[in-house]
Amino acid sequence: MVTGHSLGGALSPCYALYLEETRSQWDSSGKAAISILATAGQTPGDAGFSTYYDEKLSGETGRKWNAMDIVPHAFSSNLLAEIPGLYEPELSSYLVDKLVAWVERQTVANDYKQVLPQVESFPSKFYSLDDLLGKHDAVREDIQSMKKMMELALKGYERQIGFPVRYGASPGEEVADAVEFVIQALIQHTVGY
């Protein structure tokens with residue numbers, strides 16, 4: 001069994017394919033079974049890799065992904081385009097819109113594609129911090145501290161890359177929206193599974 005979550009969800013199909021390709025070196029009798037369970041992984045390769053992998057190991061592979069997790073949406077162009085709207089109407093972020101558009105422009109020529117692209121995601125829900133924390137004030141304070149650090153980092157990043165601010169929104173609002181988006185993305189990539 002080859003399995004992994006997140007980066008492991010992208011690497012487990014690659015390693016399983018390596019095992020299949022080198023089987024004669026480690027399983028001369030051909031009796032070993034290779035099975036794969038990849039969760040929450042980004043695209044492990046391009047369309048050619050996906051097709052080749054699916055021809056070799058599709059029957060032995062399970063792929064699980066949360067519809068609201070941004071990681072499995074990377075870096076396939078059609079899935080990347082869904083990221084900015086994943087958490088609407090609860091929240092959206094102009095900075096995320098711009099960042100995703102930039103990533104799309106940088107990666108479109110690579111033709112990234114998931115293995116088993118036909119596998120449907122499973123549904124999730126938008127989680128508030130209250131859903132997760134209840135009355136745990138100490139954890140809430142830690143998250144508030146983390147949000148402040150992220151806001152400072154994003155403010156510097158916003159100035160560095162020069163994203164314009166939406167009409168009527170302050171840079172602080174832009175950063176706060178992006179921080180909330182990142183927090184929800186972290187929740188969906190962990191708790192959402």
Side-chain angles (χ1 to χ4, degrees), residues 4-10 38-44 63-108 110 112-114 117 119-193:
H5 181 85
S6 193
L7 179 58
T39 63
Q42 63 274 32
T43 51
R63 181 174 160 251
K64 304 290 183 205
W65 64 290
N66 172 355
M68 294 178 79
D69 181 2
I70 66 172
V71 175
H73 285 79
F75 292 93
S76 172
S77 292
N78 62 325
L79 292 176
L80 272 172
E82 295 176 2
I83 290 174
L86 288 179
Y87 310 134
E88 290 179 347
E90 288 86 356
L91 80 103
S92 63
S93 169
Y94 179 76
L95 289 175
V96 170
D97 293 352
K98 292 296 183 185
L99 181 59
V100 169
W102 179 83
V103 170
E104 285 181 274
R105 287 190 304 273
Q106 301 304 309
T107 60
V108 69
N110 296 325
Y112 290 120
K113 188 175 181 182
Q114 286 285 358
V119 170
E120 294 288 326
S121 61
F122 63 85
S124 188
K125 71 173 194 133
F126 186 87
Y127 291 92
S128 71
L129 291 179
D130 288 337
D131 291 337
L132 301 175
L133 303 178
K135 300 194 183 290
H136 296 87
D137 289 334
V139 176
R140 186 178 305 285
E141 289 172 16
D142 289 343
I143 288 177
Q144 293 301 329
S145 295
M146 181 182 74
K147 285 174 68 172
K148 287 178 185 175
M149 289 188 300
M150 289 173 65
E151 286 173 7
L152 289 173
L154 281 171
K155 282 179 185 175
Y157 182 69
E158 181 182 23
R159 282 191 302 270
Q160 182 181 18
I161 59 177
F163 283 157
V165 175
R166 285 179 295 184
Y167 178 74
S170 71
E173 289 173 308
E174 295 291 354
V175 170
D177 290 347
V179 168
E180 293 295 327
F181 193 96
V182 169
I183 289 171
Q184 188 63 210
L186 291 170
I187 290 169
Q188 292 296 336
H189 192 60
T190 55
V191 175
Y193 286 86

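Qualifying side chain to side chain donor-acceptor pair (under 3.5 Å) partners for Ser124, counting only residues two or more places apart in sequence or in other chains: Gln188. Taking the side chain to side chain donor-acceptor pair (under 3.5 Å) definition, one finds that Tyr127 meets it with nothing, sequence neighbours left out. By the side chain to side chain donor-acceptor pair (under 3.5 Å) test, Thr43 pairs with no residue at all, sequence neighbours left out. With sequence neighbours excluded, the residues forming a side chain to side chain donor-acceptor pair (under 3.5 Å) with His5 are Thr39, listed by chain and number.
Phe75 and Tyr112 have tilted rings, their planes meeting at an angle from 30° to 60° on a 0 to 90° scale.
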Distance-only check: which donor-acceptor pairs under 3.5 Å involve side-chain atoms of residues 79-90, not counting sequence neighbours?
{"unit_1": "Glu82", "atom_1": "OE1", "unit_2": "His73", "atom_2": "NE2", "d": "3.1"}
{"unit_1": "Tyr87", "atom_1": "OH", "unit_2": "Met68", "atom_2": "O", "d": "2.7"}

Evaluate side-chain contact (heavy atoms from CB on, under 4.5 Å) for Ser76 paired with Gln114, printing each intermediate quantity in order.
CA-CA 7 Å; Ser76 172; Gln114 286 285 358; 5.5 Å; no
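Within the model, atoms CD of Glu104 and CG of Asn78 stand 9.5 Å from one another, a figure rounded to the nearest 0.5 Å. If you take CG on Asp177 and CG on Leu95, they are separated by 8.0 Å, rounding to the nearest 0.5 Å. Atoms CG and CZ, from Leu186 and Phe181 in turn, are 11.0 Å apart once rounded to the nearest 0.5 Å. One distance of note links CD of Glu180 with OG of Ser93; it measures 10.0 Å at 0.5 Å rounding.
Side-chain contact between Val119 and Lys64: absent, with no pair of heavy atoms (C-beta onward) separated by less than 4.5 Å.
The two residues Asp69 and Ala40 have their closest heavy-atom pair at OD2-CB, 3.6 Å.
Tested against Val100, the residues Asp97, Val96, Val103 include a single side chain to side chain contact (heavy atoms under 4.5 Å, CB included) partner, Val96.
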